[in-house]
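Worksheet for the structure shown next.
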Amino acid sequence: MEGATSGRITPLHCTNPTVSTLTLALSKGRIFDETLPLLAAAGIVPLEDPETSRKLILATSMPDVAVVIVRASDVPTYVQYGAADLGVAGKDVLLEHGGTGLYQPLDLEIARCRMAVATKRGFDWAGTVQRGARIRVATKYVATAREHFAAKGMHVDLIKLYGSMELAPLCGLADAIVDLVSTGNTLKANDLVVVEDIMPISSRLIVSPAALKLKRDRVQPLLEALGRAVVAQRGRKS
Ligand code: PRT
Ligand code: MG
């Protein structure tokens, strides 16, 4: 496949100067799984499964399109610097990244969930807010949480965590958390409840400005095909 040679990785854009490879950054798990049908509708099928392959650059059924597997929160960075031409990232990740140097032309309407504030069941959130008491909130989404509470005129102490936010109120690290909720099972299992809804979240296609300029003939038809696939998917889900 292009990009990966035995033992050494050749930068994708260096493999063949006459054919420009289009690279798409995806994270393993729900984003990869839910992007797959949309890509298939655009005629792009990865030739390997990232869950079983150790490769980080996957060839696809389209010889000039490769998928690179990166951590969900690293997708915007790869695209921002043009190391990947396109990517798929959750709105949560894009808000934390800030969106600098990225086009966000399409909501793929996948990996849907909500961003919410949650506390231990029985915690008097409304009363605490009303009293103007200082509240400690643990979250991975510091920028989004800061903006949400500032818009409400609330002063909160934000504590940055990198995972398992649900544990923070249980151990007394924080009064509340800001986290993503989809089925609600994780909150329920830890005796937590949603006390405020912040916003709906879904994943977006992001494009590097360089790719849009220099590879427009390749990027534009792909954007159109993915746009049609999103509309078709909407029809199937409703
Ligand atoms: O897991 P890792 O640390 O590697 O990275 P990540 O969590 O950023 O990646 P991943 O693949 O878990 O999530 C990728 C994207 O999926 C996120 O950026 C969101 O946009 C989206 N998404 C959709 C979710 C969820 N639903 C979701 N439920 N991301 C995380 N969750 C977590 C949530 O944080 C909580 O811990 O699932 C738990 C709650 O789920 P329920 O179903 O019990 O409510
Ligand atoms: Mg995760």
Side-chain angles (χ1 to χ4, degrees), residues 24-39 46 49-56 58 67-80 84 86-100 102 104-121 137-148 158-171 173-174 176-207 226 230 233-234 237:
L24 173 68
L26 295 177
S27 54
K28 277 204 276 193
R30 67 189 108 216
I31 288 193
F32 184 88
D33 297 346
E34 295 189 36
T35 303
L36 223 50
L38 299 174
L39 284 181
D49 177 357
E51 297 298 339
T52 51
S53 170
R54 283 177 184 272
K55 280 187 186 158
L56 297 175
L58 308 178
V67 168
V68 296
I69 302 295
V70 303
R71 190 78 187 256
S73 45
D74 290 337
V75 169
T77 308
Y78 273 79
V79 177
Q80 174 188 1
L86 307 116
V88 176
K91 187 178 175 185
D92 49 318
V93 166
L94 291 168
L95 287 172
E96 290 304 305
H97 171 271
T100 310
L102 296 173
Q104 301 184 29
L106 189 59
D107 182 351
L108 297 175
E109 300 176 15
I110 59 165
R112 286 173 173 280
C113 56
R114 304 195 65 78
M115 185 153 331
V117 183
T119 65
K120 270 205 290 196
R121 185 184 305 280
V137 179
T139 187
K140 186 172 158 185
Y141 308 103
V142 171
T144 314
R146 187 180 296 118
E147 190 151 320
H148 171 74
L158 291 172
I159 300 173
K160 167 88 184 179
L161 289 180
Y162 294 87
S164 300
M165 265 88 79
E166 298 84 2
L167 191 58
L170 308 181
C171 294
L173 177 62
I177 58 170
V178 167
D179 196 6
L180 302 176
V181 183
S182 85
T183 62
N185 290 341
T186 308
L187 291 183
K188 206 168 162 193
N190 292 291
D191 210 24
L192 301 171
V193 289
V194 169
V195 290
E196 268 179 38
D197 215 17
I198 300 183
M199 68 175 82
I201 299 287
S202 58
S203 288
R204 280 111 216 275
L205 185 75
I206 56 175
V207 184
L226 289 172
V230 170
Q233 161 187 266
R234 205 180 293 152
K237 280 184 179 170

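Not measured: the values here are computed from a predicted model. When a ligand or atom number is given, it counts from 1 through the structure's own listing order.
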- Could you list the residues that satisfy salt bridge (charged side-chain N to carboxylate O under 4.0 Å, His left out) with D191, not counting sequence neighbours? R121

- With M115, which of T139, D179, V178, D197 fulfils side-chain contact (heavy atoms from CB on, under 4.5 Å)? V178

- Distance to 0.1 Å, residue and atom name: give those for the protein heavy atom nearest to atom 20 (O) of ligand 1. D92 OD1, 2.6 Å

- With side chains defined as the heavy atoms from C-beta onward, is the minimum distance between I198 and R114 less than 4.5 Å? no

- Below 4.0 angstrom from a heavy atom of K140, which ligand 1 atoms are there? Numbered from 1 as shown, please. 6 (P), 7 (O), 8 (O)

- Query: Tell me, which protein residue and heavy-atom name are nearest atom 42 (O) of ligand 1, and how many Å apart are they?
  - Reply: T183 OG1, 2.6 Å

- Query: Would you say the side-chain atoms of E109 pair up with the backbone N or O of S202, donor to acceptor, closer than 3.5 Å?
  - Reply: no

- Task: Tell me which protein heavy atom sits closest to atom 33 (C) of ligand 1, plus the residue, atom name and distance to 0.1 Å.
- Result: L180 O, 3.3 Å

- Is the shortest heavy-atom distance from the side chain of K91 to the side chain of M199 under 4.5 Å? yes

- Item | Top protein contact for atom 38 (C) of ligand 1, by heavy-atom distance | T186 OG1, 3.7 Å

- Could you tell me whether the side chain of K140 and the main chain of K160 form a donor-acceptor pair under 3.5 Å? no

- Identity and separation of the nearest protein heavy atom to atom 8 (O) of ligand 1: A72 CB, 3.4 Å

- Message: Check for me whether C113 has a heavy atom closer than 4.0 Å to any atom of ligand 1.
- Response: yes

- Query: Which protein heavy atom lies closest to atom 15 (C) of ligand 1, and at what distance to 0.1 Å?
  - Reply: I31 CD1, 3.8 Å

- Please could you name the atoms of ligand 1 that K28 approaches to less than 4.0 Å, counting only its heavy atoms? 11 (O)

- Item | Validation row: V181, V194 side chains within 4.5 angstrom (heavy atoms) | yes

- Which ligand 1 atoms does V181 reach within 4.0 Å, using its non-hydrogen atoms? 44 (O)

- Task: Using distance alone, decide if ligand 1 has a nitrogen or oxygen within less than 3.5 Å of any nitrogen or oxygen in G184.
- Result: yes

- Note on the structure: Of all heavy-atom pairs linking T144 and E96, the shortest is OG1-OE2, 2.7 Å

- Query: Do L161 and I177 have side chains that get closer than 4.5 Å, going by heavy atoms?
  - Reply: no

- Backbone, side chain, both or neither: what part of E166 comes under 4.0 angstrom of ligand 1, heavy atoms only? side chain

- Any donor-acceptor pair under 3.5 Å linking the side chain of N190 with the backbone of L192? no

- Task: Could you check atom 12 (O) of ligand 1 against the protein and tell me its nearest heavy-atom contact, residue, atom and distance included?
- Result: R30 NH2, 3.4 Å

- Heavy atom under 4.0 Å from ligand 1: found in R71's side chain, backbone, both, or neither? side chain

- Task: Just need the protein heavy atom nearest to atom 34 (O) of ligand 1, so name the residue and atom and give the distance.
- Result: D179 OD1, 2.9 Å

- Query: Near V93, which atoms of ligand 1 are under 4.0 Å from a heavy atom of that residue?
  - Reply: 18 (O)

Contacts table for residues 25-39: side-chain donor-acceptor under 3.5 angstrom, sequence neighbours left out:
from: E34; atom 1: OE1; to: A111; atom 2: N; distance (Å): 2.7
from: T35; atom 1: OG1; to: I31; atom 2: O; distance (Å): 2.6

- Message: Counting only nitrogen or oxygen atoms and a 3.5 angstrom limit, does K91 reach ligand 1?
- Response: no

- Counting from 1, what ligand 1 atoms have a heavy atom of N185 closer than 4.0 Å? 43 (O), 44 (O)

- Query: Got more than 12 heavy atoms from elsewhere within 6.0 Å of CD, E147?
  - Reply: no

- Item | Check: V193 and T119 side chains under 4.5 Å, non-hydrogen atoms | yes

- I201, portion touching ligand 1 at heavy-atom distance under 4.0 Å: side chain

- Going by the order shown, which atoms of ligand 1 are within less than 4.0 Å of some heavy atom of G90? 20 (O)

- Side chain or backbone of E34 under 4.0 Å from ligand 1, or both, or neither, by non-hydrogen atoms? neither

